[in-house]
Amino acid sequence: MKTKTLFPRRRFTQGLLAGLLAAAAPLGALAQDPAARILVGFPAGGSFDTIARILAEKLKVELNRTVLVDNKPGAGGRIAVDLLKAAPADGSVMMLGPDALRALYPFTFKKLSYDPVKDLVPVATVSEFAFALASGADPKVNTVAEFVAWSKKNPEKANYGIPARGAPHHFFGMVLGDTIGVKMQDVPFQGSAPMAAALMGGHISSSIDVLSSLVEPHRSGKLRVLAVSSEQRAPQLPDVPTFAEAGYPGITGMGFNAMYAPANTPARVVTTWNQALARVLAMPDVRERLLTMGFSPVGQSPEELAARGAQSAKRWEPVIKASGFCAD
């Protein structure tokens with residue numbers, strides 16, 4: 001008799017457990033929010049994409065949700081902004097964007113499809129980076145002073161390569177030319193790689209690029225970084241002086257990239273993302289990876305990012321207007 005009743009009870013118990021587990025599964029799934037996306041307005045494999053993927057990997061744990069990188073390249077990041085504008089304001093879509101969206105484009109484009117203050121809700125400054133002046137095959141100069149002296153003797157040859165017109169590099173070059181008293185001609189390229197090749201080949205006399213693009217060519221001796229725009233020397237190239245140390249304190253400033261949310265995103269959502277990013281950017285392995293790339297982790301508050309964007313816009317507006325440059 002015992003044998004007859006043992007197995008039915010076991011089957012009943014197993015069935016009950018299976019039913020309870022099935023019922024509990026949806027509740028467990030609800031504990032994790034749906035996947036979030038970080039829009040990146042630049043191609044896969046670039047520095048912005050790499051930074052976004054470093055963040056996404058860590059944010060999965062900090063936010064307890066899957067975080068994906070969604071590359072939407074084109075128009076210097078403005079395509080990604082248009083997508084951010086149309087995204088739900090619930091924390092499911094964010095954008096990692098350059099400072100140019102806030103500080104340059106409002107003055108370089110007559111028609112802009114977004115309002116940089118209303119449509120880009122500040123979440124956190126992610127990292128900052130220095131710009132650098134580099135020389136190549138011709139002229140063979142090793143210091144800013146030597147380059148300035150050569151430029152004054154050869155003003156018709158004094159030029160500077162830039163990855164694209166209308167970017168911060170472009171206007172740093174204008175400030176440099178005004179500072180040294182030489183009207184240097186900008187020479188635009190489609191990215192850093194062809195510009196570096198032209199500099200190494202002696203086709204342009206100098207270039208201005210983000211430091212991260214120049215570290216390895218400088219170390220290998222293919223190019224020479226003459227000065228950096230940061231207030232202190234870059235840890236990646238401690239042998240290279242700042243512009244201030246070279247006698248030009250007016251050529252100081254950092255570019256930055258930041259995380260933005262769509263308009264009308266609730267403050268609690270912004271705070272959640274800001275705090276998660278702060279924890280990620282404080283992680284030793286994340287800091288090391290960013291520093292190796294030539295970026296310094298920041299992690300500012302939304303208010304600090306808003307103030308930084310406004311300050312950067314205030315700095316570049318008169319420079320851009322004086323230049324007469326228009327991108328459209």
Side-chain angles (χ1 to χ4, degrees), residues 23-44 46 48-103 105-106 112-127 256-283 286 297-310:
L27 296 176
L30 290 175
Q32 186 179 62
D33 290 331
R37 290 186 296 147
I38 298 177
L39 296 170
V40 176
F42 301 93
F48 267 83
D49 174 70
T50 302
I51 292 172
R53 293 181 189 280
I54 292 172
L55 298 178
E57 178 187 354
K58 300 293 186 178
L59 286 169
K60 286 190 294 185
V61 176
E62 297 300 323
L63 294 173
N64 190 32
R65 68 193 302 182
T66 301
V67 181
L68 306 173
V69 175
D70 191 0
N71 297 91
K72 300 296 181 182
R78 286 176 286 126
I79 289 176
V81 175
D82 289 338
L83 293 172
L84 185 74
K85 283 178 58 179
D90 59 2
S92 62
V93 181
M94 296 284 166
M95 182 188 68
L96 181 66
D99 53 347
L101 297 173
R102 173 69 178 87
Y105 294 169
L112 205 58
S113 63
Y114 66 93
D115 184 310
V117 177
K118 294 179 180 179
D119 295 327
L120 297 177
V121 175
V123 176
T125 306
V126 172
S127 62
F256 64 89
N257 52 55
M259 196 73 75
Y260 297 97
N264 301 315
T265 299
R268 59 177 177 78
V269 173
V270 172
T271 298
T272 297
W273 272 82
N274 176 269
Q275 292 177 349
L277 283 164
R279 292 191 295 270
V280 169
L281 292 168
M283 294 177 181
V286 172
V298 181
Q300 290 176 318
S301 69
E303 295 76 18
E304 289 171 321
L305 171 56
R308 183 170 192 163

Checking Asn274 side chain against Val123 main chain: does a donor-acceptor pair fall under 3.5 Å?
yes
Is a side-chain N or O of Tyr105 found less than 3.5 angstrom from the main chain of Pro116, in a donor-acceptor match?
no
How long is the gap from OH on Tyr260 to CG on Leu305, to the nearest 0.5 Å?
4.5 Å
Just by distance, do the side chain of Arg65 and the backbone of Pro34 share a donor-acceptor pair under 3.5 Å?
yes
So how far is it from Tyr114 OH to Leu84 CG, rounded to the nearest 0.5 Å?
11.0 Å
So, applying side-chain contact (heavy atoms from CB on, under 4.5 Å) with Lys118, which one of Val121, Asp115, Leu120 is it?
Asp115
Euclidean distance, Asn71 CG relative to Ile38 CD1, rounded to 0.5 Å:
11.0 Å
Ion pair check, Asp49 and Arg53, cut-off under 4.0 Å
yes
CZ/Phe42 to CG/Leu96 distance, rounded to the nearest 0.5 angstrom?
9.0 Å
Side-chain contact, heavy-atom cut-off 4.5 Å: Leu59 with Leu277?
yes
Determine whether a donor-acceptor pair (N or O, by modelled atom type, separation under 3.5 Å) exists between the side chain of Lys58 and the backbone of Met283.
no
For the CG atom of Leu83 and the CZ atom of Arg37, what is their distance to the nearest 0.5 Å?
7.5 Å
Give a yes or no on whether the backbone of Thr125 and the side-chain of Asn257 come within a donor-acceptor separation of less than 3.5 Å.
no
Between CG of Leu39 and CD1 of Ile79, what distance do you get to the nearest 0.5 Å?
11.5 Å
